[in-house]
Amino acid sequence: MNLSAKIISQATDIKQGFELHPHSELYGEMKIDTNNLDLMLRDAPTFDSNVITSMPKGSTFFGFGFTDSSLKWVLGQYTMPNGKIVAGFAHIDYLIKINK
């Protein structure tokens, strides 16, 4: 059974949309682990897509358990310091799963 989904984005730089694939190990809280810079939360799974917000090193990102086809971008949400919750894509290389 194929559980992937096709997402049609409103982002102007994504023309065809993109596919998401379930990865249960990426569901749950993750710690942002960058060198010194913030991690960008993006509106599509590419480095040149629009930045929704930046997430400081050490903050928490909640992964929804889905990646793009390259397995490099995780779909999830971030709670900003003002309490607003935003959803988007974060690069997997800068996320560490928090085991609870």
Side-chain angles (χ1 to χ4, degrees):
M1 177 187 340
N2 183 356
L3 295 177
S4 61
K6 179 102 175 174
I7 303 298
I8 305 300
S9 174
Q10 296 298 321
T12 56
D13 55 343
I14 300 293
K15 305 295 185 223
Q16 300 292 327
F18 46 87
E19 289 191 17
L20 294 178
H21 304 279
H23 292 278
S24 60
E25 68 276 6
L26 297 175
Y27 179 83
E29 290 185 342
M30 299 179 201
K31 181 180 173 185
I32 310 279
D33 186 32
T34 56
N35 290 329
N36 293 317
L37 302 173
D38 293 349
L39 179 60
M40 301 300 125
L41 183 67
R42 298 184 178 275
D43 67 355
T46 63
F47 283 114
D48 59 351
S49 61
N50 296 322
V51 173
I52 297 169
T53 192
S54 60
M55 303 178 289
K57 178 180 181 175
S59 59
T60 302
F61 174 81
F62 187 89
F64 295 153
F66 289 91
T67 65
D68 69 323
S69 296
S70 73
L71 307 177
K72 293 291 185 181
W73 295 90
V74 179
L75 178 63
Q77 71 182 31
Y78 170 69
T79 303
M80 298 172 60
N82 65 4
K84 181 179 178 182
I85 298 172
V86 291
F89 292 89
H91 200 275
I92 198 167
D93 287 351
Y94 305 102
L95 300 171
I96 297 176
K97 180 78 184 270
I98 299 172
N99 294 320
K100 287 189 174 187

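F61 approaches L75 most closely through the heavy-atom pair CZ-C, 4.0 Å. Nearest approach of A90 to M55, heavy atoms of both residues: CB-CE, 3.9 Å. For the residue pair A44 and S49, the shortest heavy atom distance occurs at O-OG, 2.9 Å. Scanning both residues, A87 and F64, for their nearest heavy atoms gives CB-CE1, 4.4 Å. Between H21 and S69 the shortest heavy-atom distance is NE2-OG, 3.1 Å.
Taking the six-membered ring where the residue is Trp, H91 and F47 present parallel rings, their angle staying beneath 30° rather than reaching 60°.
Qualifying side chain to side chain donor-acceptor pair (under 3.5 Å) partners for T34, counting only residues two or more places apart in sequence or in other chains: none. The side chain to side chain contact (heavy atoms under 4.5 Å, CB included) test applied to I92 returns L26, K72, V74, not counting sequence neighbours. Scanning for side chain to side chain contact (heavy atoms under 4.5 Å, CB included) contacts around I85 gives Q77, T79, with sequence neighbours left out. Not counting sequence neighbours, the partners of L71 by the side chain to side chain contact (heavy atoms under 4.5 Å, CB included) test are H23, T67. Here S70 pairs with D68 under the side chain to side chain donor-acceptor pair (under 3.5 Å) rule; sequence neighbours left out. By the side chain to side chain contact (heavy atoms under 4.5 Å, CB included) test, V86 pairs with L41, I52, T53, Y78, M80, K84, sequence neighbours left out.
The neighbour count for N36 CG, taken as heavy atoms of other residues, nucleotides or ligands under 6.0 Å away, does not exceed 12. Other residues, nucleotides and ligands contribute at most 12 non-hydrogen atoms within 6.0 Å of the NZ atom of K31.
A 4.5 Å side-chain heavy-atom check between T60 and I32 finds every atom pair outside the cut-off.
Under the 4.5 Å side-chain heavy-atom criterion for grouping Ile, Leu, Val, Met, Phe, Trp and Tyr, F89 is not connected to L39 through any hydrophobic cluster.
The distance between the ring centers of F66 and Y27 does not fall below 6.0 angstrom.
Put simply, CG on L37 and OH on Y94 are 9.0 Å apart, with the number rounded to the nearest 0.5 Å. Atom-to-atom distance recorded for S59:OG and M30:CE is 13.0 Å, nearest 0.5 angstrom.
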